[in-house]
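As structure tokens, the structure follows; a few thoughts come after it.
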Protein chains: 2
Amino acid sequence: MATKGGKGKGREKERMKSLVRSIDVNMAEVREKYMPGVSIDTVIFSFHDDELKVLLIRYGDIPFYCLPGGFIEKTEELDDAALRILKERSGIGNIYLEQFYTTGAVNRSQGHMMGEWFQELAKDRDVKNWFDQRFISVCYYALIDEANVELLSEEFVTEMKWVDVKKLPKLYLDHALIVKKAIERLQIDLDQKLVGFNLLNETFTMGELQKLYEAVYQKAFDRTNFQRKMLSMNILERLEKKYTGKAYKAPYLYRFISKV
Amino acid sequence: MATKGGKGKGREKERMKSLVRSIDVNMAEVREKYMPGVSIDTVIFSFHDDELKVLLIRYGDIPFYCLPGGFIEKTEELDDAALRILKERSGIGNIYLEQFYTTGAVNRSQGHMMGEWFQELAKDRDVKNWFDQRFISVCYYALIDEANVELLSEEFVTEMKWVDVKKLPKLYLDHALIVKKAIERLQIDLDQKLVGFNLLNETFTMGELQKLYEAVYQKAFDRTNFQRKMLSMNILERLEKKYTGKAYKAPYLYRFISKV
DNA sequence: GTATCATTGTGTCATAATGACTCAATGAAG
DNA sequence: CTTCATTGAGTCATTATGACACAATGATAC
């Protein structure tokens, strides 16, 4: 996906603090600033064209995709770090975000030459030792509305795109496993915590809501029973009808009412 | 609870590898061996006298209790580290063990003088810097049968006991929060994964099973409906009656059949 | 205007699950 | 033999669920 320009100096400044920028500063500063051996990865879901998608990025010429991730400042809360990283990567904040898994495979950093790749990107600065560390990664997932997001890619990010979870390319290390775990967690949370808020527009039709559920659970539901169940939960407010211009009955629009 | 003696040289050797022993070896070796800034804490549940209990330990003269915890070797998988630490603390292995949360509050190590306490225990070795690190702790929970466990306390462990989750004393840092999160997770898992296996004897009565559920969910269930639900799941095998010597009808004994 | 058609909203029906009960059976003590 | 706490099983009303049927609707084709 093509990189879109930032909107102002504020945003540019934020970008300066990011993971990838960090390899451009003095390594001593990085070691001073960040927790060693611990990282954060985020699985950012969106829902578009009836597909559940995750945000993937690629650095430099590295031939595989990564989940947006970063490091934890020594004086920063875990949740805050995840929010900051998410903000830096996708440009948005104020989002539903949940920790769901911590991965720490010993070989996470082996066989992938991440150190070499970033060393190449960073040129004469010594970053290899940093990236060759074994990282224990605390994983969060987030849901965003693809339509409301302006993707801001960073200096060393050569690609950034939404990918259907059913068509994942080769991913960095165990990131495919992380996505799998995130979907499992999303399935549990979708019903219980009504996290669908962020994956749909403010208003939506019952059919759209059902397609979201079907994308997340990767199975079909009976249309009428689905509608009955959703309505019986008393979390939807029925609005006016939506005239689509299509040759069939106009569906009602709904909105979540339990924002509280 | 009084410390019970180990059974042999093998067990003694295992104890040598533990967290607390580690402060007795050269700090350079500790820094070489373990991941910096990352720890593991375990919430070990047992069920006895109708109470859900957690295992707490106390080091030296430190005036508050801790969850059994330890550090992760640089070449060790996270799950393996948790198993090892659990083995070292409680003496048992081969147990249901699940990661459920990672905590990393910045002030986890502040205001508690953990560095000072351990420095005192370790005498002339420099351990303060290690224990004054900010630790991000990956938390696991485990279920064990209190009756089958021989508690082995270690050199610097002055106390080790089972405590009713409803009567927790002052705990180290955010360990009370960790216990709370563990119970929440246990409530979710108990039904779905039938983890009750390890909290009861091989055979048990329906009343005992109900009391376990009531202790975990901290609410009462209707006796007859509970029995109906359990029996309808087809996971229990009815055995002979249990003659308790009490002045009432003898209940049946049951056993889980879905060990597969 | 009228017919057509995909889609939507509502209703039916059988079955399963659940919560609140009743009631007989039982095992030991007095 | 009576008493009594406890246990196992059953009843009944209510709610939830899965599989359908069917009418309503909004645009298009004629």
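Scope of the values below: all heavy atoms of this structure, side chains included, with no hydrogens, waters or symmetry mates.
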Legend entry - Residue-level proximity of residues 217-226 of chain A to DNA chain C when a heavy atom falls under 4.0 Å: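 Under 4.0 Å from DNA chain C: A:Arg223, A:Thr224.
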side-chain hydrogen bond (donor to acceptor under 3.5 Å, both in side chains) partners for [X], two or more places apart:
X        : result
A:Arg223 : none
B:Tyr254 : B:Arg238
B:Gln210 : B:Glu214
B:Gln218 : none

Kindly write out the residues that satisfy side chain to side chain contact (heavy atoms under 4.5 Å, CB included) with [X], not counting sequence neighbours, or none if the list is empty.
X        : answer
B:Ile72  : A:Arg134, A:Ile136, B:Met35, B:Val38, B:Ile40, B:Glu76, B:Leu78, B:Ala81
B:Arg58  : B:Tyr65, B:Thr158, B:Glu159
B:Leu239 : B:Thr203, B:Glu237, B:Leu253, B:Arg255

Name each donor-acceptor pair under 3.5 Å that joins a side chain in residues 44-54 of chain A to protein atoms two or more places apart or in another chain, with its distance.
residue : atom : partner  : partner atom : Å
A:Ser46 : OG   : A:Glu146 : OE1          : 2.8

Legend entry - Contact boundaries on DNA chain D for chain A, cut-off under 4.0 Å to non-hydrogen atoms: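 For DNA chain D, the relevant span reads D:dT17 to D:dA27.
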Inset, instruction - State which residues pass ring pair (Phe, Tyr, Trp, His ring centres under 6.0 Å) with B:Phe204; sequence neighbours excluded, sorted by chain then number. - result: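 B:Phe204 satisfies ring pair (Phe, Tyr, Trp, His ring centres under 6.0 Å) with B:Phe256 once adjacent residues are dropped.
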Legend entry - First and last nucleotide of DNA chain C, 5' to 3', lying under 4.0 Å from heavy atoms of chain A: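 For DNA chain C, the relevant span reads C:dC5 to C:dT12.
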